[in-house]
Amino acid sequence: MDLTVTQGESVAIVGPSGTGKTTLLNILNGLLQPDAGKLEVFGRDTATLGANGWARWRRNHIATVFQDANLIPTLSLGRNVAFRSALAGCPDVEGERAIMDALGIGRLMDRYPDEVSGGERQRGAIAAAFAMKPRLLLADEPTGSLDEASSQRVAELLFGGIRERQLTAVIATHNLEFARQCDRVLQLSGGRLRPVSDRDAPPT
Ligand SMILES: Nc1ncnc2c1ncn2[C@@H]1O[C@H](COP(=O)(O)OP(=O)(O)O)[C@@H](O)[C@H]1O
Ligand SMILES: [Mg+2]
């Protein structure tokens, strides 16, 4: 598999269950190590960063939104967001408040993850991801555990936020309609990535 993502570009990875979307994303966020091959992030071979250097880089610069369970259950939504940005070294109380307001969860700052709906929890996870001002945003089926209406709303806020911030993003999704909101859509199957249409072919 070969994948190059340009800075500021958003790429959607589509494909049926079990084809390796999560494995790919977890290699990109450092949860898994590839058996072979090379991962370069913003021009640096991650193998040369050393384990600690790569861990620090991820903590500061890579945000991952999972399908669910992205938040610390014993912290309120507001504190989850603050914790994430503090870890990344960019705490900013007003900025975090503005992000949560824009995602429609400002009034839920003091609620705990199990006191809000699934869609609100995902918006909390997205707020935490945006608040760390990531250089790379990864999302694995970010709407996968939500009903139709919440999915639409969460996708709108996620893709809107990515565009607004011109984030470099890689997003795995089953939903081709959501995928189309990214600059490029790639289908993963048989261990290969292929553009879904000519429009999605990489720039030459
Ligand atoms: N930790 C693991 N160890 C071994 N095989 C795994 C592991 N995680 C996933 N797999 C297998 O790797 C393949 C790809 O899984 P996954 O990346 O989760 O696919 P997707 O996210 O596209 O559904 C599947 O066949 C899955 O069973
Ligand atoms: Mg998966």
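Here the structure is a predicted model, which is why all the values come from computation and not from measurement. Whatever order the structure lists ligands and atoms in, that order sets their numbers, starting from 1.
Pairing each heavy atom of Cys90 with each of Glu96, the nearest pair is O-OE2, 4.5 Å.
Under the salt bridge (Lys or Arg N to Asp or Glu O under 4.0 Å) criterion, the residue pairs touching residues 113-132 are Arg107-Glu120, with sequence neighbours excluded. Counting only residues at least two apart or on different chains, the salt bridge (Lys or Arg N to Asp or Glu O under 4.0 Å) pairs with a member in residues 20-44 are Lys38-Glu40.
Donor-acceptor pairing under 3.5 Å is recorded for the side chains of Ser150 and Asp147. Arg194 and Ser189 form a side-chain donor-acceptor contact under 3.5 Å, judged by distance and modelled atom types alone.
Sorted by chain and number, the protein atoms of type N, O or S within less than 2.8 Å of the Mg ion (ligand 2) are Thr22 OG1.
Listed by chain and number, Pro16, Ser17, Gly18, Thr19, Gly20, Lys21, Thr22, Thr23 each place a non-hydrogen atom less than 4.0 angstrom from ligand 1.
Geometric assessment of Arg58 against the ring of Trp54 yields a positive cation-pi assignment under the 6.0 Å and 45° thresholds.
A chain of hydrophobic side-chain contacts below 4.5 Å, direct or via other Ile, Leu, Val, Met, Phe, Trp or Tyr residues, connects Leu146 to Phe178. Side-chain heavy atoms closer than 4.5 Å link hydrophobic residues (I, L, V, M, F, W, Y) into clusters, and following such links, possibly through other members, connects Leu138 to Leu188. Cluster annotation: Ile99 is connected to Val116 through the hydrophobic network of ILVMFWY side chains, with a link wherever side-chain heavy atoms come within less than 4.5 Å.
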